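If you're wondering where the values come from, they're calculated on a predicted model, not measured in any experiment.
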Amino acid sequence: MALARIARANLRRSGSAFGNYASEMDLLCEGRSYTSKFSSKSPYYHVNSKAGGNLSYIPYIKEQNLMNLFSLRGISGTPYYQHPSANTERAPEESELEVEQDEPKYAGLEATKLGEKPRVVVLGTGWAACRFLKGLDTRIYDVVCISPRNHMVFTPLLASTCVGTLEFRSVAEPVSRIQKALSKDPNSYFFLASCTGIDTNKHEVYCEAVNNGGLPREPYQFKVAYDKLVIAAGAEPLTFGIQGVKEHAFFLREVNHAQDIRKRLLLNLMLSENPGISEEEKKRLLHCVVIGGGPTGVEFSGELSDFIMRDVHERYTHVKDYVRVTLIEANEILSSFDVSLRQYAIRHLTKSGVHLMKGVVKEVHPKSIVLSDGSVVPYGLLVWSTGVGPSEFVKTLNLPKSPGGRIGVDEWLRVPSVEDVFALGDCAGFLEQTKRPVLPALAQVAEREGKFLVELFNKIGKQNGGKALSAKSIPVGEAFVYKHLGSMASVGGYKALVDVRQSKDAKGMSLAGFVSWLIWRSAYLTRVVSWRNRFYVAVNWATTLVFGRDNTRI
């Protein structure tokens with residue numbers, strides 16, 4: 001190891017100095033090939049010592065040619081180095097690899113140059129990120145979006161896809177349709193990757209590509225330099241550390257979650273009809289348990305009750321009497337809604353066959369859950385919908401945190417301790433010194449924040465404040481103010497709740513019933529991102545009304 005360090009130090013001073021260490025290197029390399037990379041005034045060099053002791057000092061052209069892999073569309077970086085193994089008798093030792101591992105080197109996008117448009121990097125493709133991307137003026141900025149999914153999910157209608165009321169593509173909008181510059185502009189990109197770290201001093205984000213074995217190496221890592229960074233990485237479902245939740249429960253946050261729920265639901269229905277299945281096992285297989293009485297849990301329970309009453313009873317007549325839905329909530333269901341609306345929801349769900357339970361989950365097992373009072377509830381399908389909290393990525397960031405663990409922001413959605421970094425959506429919350437409450441993790445909150453921030457970016461961009469460290473003297477205008485427009489939730493059976501109060505304790509109009517259901521559907525149809533998806537949703541609703549839900553398990 002020491003000899004390798006000496007060799008590297010002397011080569012940095014002079015290429016010819018390596019000859020003085022020929023005898024020492026011969027001791028290390030006796031009977032085999034030795035290959036390494038050294039810094040020099042020129043690009044990478046290759047030092048080759050063969051068994052005979054003859055040394056050559058030649059440019060390492062082959063590694064330089066690997067740079068072509070990263071030169072597409074302006075991407076540059078350090079090529080990935082592979083040790084030659086065809087002619088070696090044993091694997092390189094740690095001392096030989098030390099030169100390679102002094103510091104990680106990443107391919108990626110370098111910092112923008114003078115005369116180029118400033119680059120905005122957006123982490124995420126949720127409500128906040130997509131609203132920001134949609135309004136960003138790409139005549140001023142280049143934009144790079146980094147996310148492990150390439151689409152936005154219209155989450156209020158996600159529960160409908162689990163039972164076939166809507167098709168999955170009806171609630172997913174490709175991010176390249178939301179911001180067309182990502183697929184058309186030469187210096188704007190979408191990268192299917194997860195952000196693993198941020199260097200706010202260097203203005204760089206470090207990423208790991210979503211990989212299925214098709215890339216040259218795993219994990220495939222790269223970096224992207226930014227002028228402005230927008231963190232809209234969302235949140236993760238809260239499990240409260242309860243054992244078995246992540247292993248056995250289904251969440252309802254992504255399209256693939258809805259697909260998994262649909263597959264399990266239809267699988268249980270078909271398996272329960274097999275001969276020899278006991279009565280007890282049929283009851284377990286066809287018992288759907290929903291944990292969490294918020295809007296998502298209630299809407300999913302309502303969709304399930306509709307599916308059971310209108311489709312299961314007709315197409316699975318042998319087992320129709322075994323299907324049950326249980327909704328478990330520790331407190332009150334729909335706690336943010338008006339009291340009269342909560343009571344209406346309880347009456348309607350009970351009438352629709354949904355069994356409501358109060359309880360706290362203690363443990364989750366593969367076929368049953370244990371409540372805090374010791375009671376055991378068997379299940380065939382378990383859906384977990386108890387709210388969201390900070391993701392592991394957010395927890396690892398060395399940034400100030402708001403109450404609850406989100407990224408702390410000021411009244412303009414800036415992260416105050418660093419330059420050119422903004423956060424919004426479910427991953428961000430107001431710092432305590434702002435004396436503002438942390439806003440709930442709602443789609444309308446995220447969308448409103450995205451709209452505010454993109455107007456701020458377009459404003460400072462027009463005043464030449466888009467480059468890194470250049471917006472300090474530009475006035476940012478009025479702070480962000482959120483006004484709640486109300487809440488809506490479907491409870492199944494062509495019934496819904498509409499609460500238009502601005503806060504939980506404020507007075508205002510509240511509706512329940514069929515008219516509310518019409519308002520609910522009309523509002524969501526107009527809020528779907530594109531006309532294409534509005535057409536899909538309308539057609540799906542009409543098809544379901546006439547022909548029923550599709551029960552094909554694909």
> Can you give me the closest heavy-atom contact between T138 and D185, atom names plus distance?
CB-OD2, 4.0 Å

> List the atom of L431, the atom of G408, and the distance in Å for their closest heavy-atom pair.
CD2-CA, 3.4 Å

> Show me the donor-acceptor pairs within less than 3.5 Å that the side chains of residues 139-152 make with the rest of the protein, sequence neighbours left out.
unit_1	atom_1	unit_2	atom_2	d
R139	NE	D137	OD1	3.0
R139	NH2	D137	OD2	3.2
Y141	OH	F457	O	2.6
Y141	OH	G461	N	3.3
D142	OD1	K117	NZ	3.4
S147	OG	T125	OG1	3.1
S147	OG	R149	N	3.3
S147	OG	R149	O	3.1
R149	NE	T125	OG1	3.1
R149	NE	H151	O	2.9
R149	NH1	E254	OE1	2.5
R149	NH1	E254	OE2	3.1
R149	NH2	T125	O	3.1

> Please determine whether the number of non-hydrogen atoms from other residues, nucleotides or ligands lying under 6.0 Å from atom NZ of K362 exceeds 12.
no

> Report yes or no: do N540 and E167 form a side-chain donor-acceptor pair below 3.5 Å?
no

> Indicate the atoms forming the closest heavy-atom contact of V491 with H348, along with that distance.
O-CD2, 3.2 Å

> Would you say N268's side chain and L286's backbone share a donor-acceptor pair under 3.5 angstrom?
no

> Do W541 and T543 get their side chains close enough for a donor-acceptor pair, meaning under 3.5 Å?
no

> Mind checking whether P174 and R532 have side chains closer than 4.5 Å, heavy atoms only?
yes

> Indicate the ring-plane relationship of W127 and F154, choosing parallel, tilted or perpendicular according to the 30° and 60° boundaries.
tilted

> Between T526 and S522, is there a donor-acceptor pair closer than 3.5 Å when you use the side chain of the first and the backbone of the second?
yes

> Considering non-hydrogen atoms only, spot the tightest contact between L439 and E449 and give its length.
CD1-OE2, 3.8 Å

> I'd like to know if K395 and E392 make a salt bridge, using a cut-off of under 4.0 Å between side-chain N and carboxylate O.
yes

> Taking the six-membered ring where the residue is Trp, are the ring centres of Y524 and W520 under 6.0 Å apart?
yes

> So which heavy atom on A258 is nearest to which on T161, and how close?
CB-OG1, 3.3 Å

> Run the side-chain hydrogen bond (donor to acceptor under 3.5 Å, both in side chains) test against Y482 and tell me which residues pass, sequence neighbours left out.
Q444, H484

> For Y494 and D306, which I'm curious about, is there any donor-acceptor pair between the side chains at under 3.5 Å?
no

> Look up atom CD in Q259 and atom CZ in F250, then write down how far apart they are to the nearest 0.5 Å.
12.0 Å

> Does the W412 side chain pair with the main chain of E478, one donor and one acceptor, at a distance under 3.5 Å?
yes

> Give a yes or no on whether E273 atom CD has more than 12 heavy-atom contacts from other residues, nucleotides or ligands under 6.0 Å away.
yes

> Restricting to side-chain hydrogen bond (donor to acceptor under 3.5 Å, both in side chains), what partner residues turn up for E303, sequence neighbours left out?
S160, T165

> Under the 3.5 angstrom rule, does the side chain of R553 hit a backbone N or O of K263 as a donor-acceptor pair?
yes

> Step through the shown structure and confirm whether more than 12 heavy atoms of other residues, nucleotides or ligands are within 6.0 Å of NZ on K459.
yes

> Tell me whether H257 contacts the main-chain N or O of R253 through its side chain, where contact means a donor paired with an acceptor under 3.5 Å.
yes

> Can a donor-acceptor pair be found between the side chains of D410 and T434 at a distance below 3.5 Å?
no

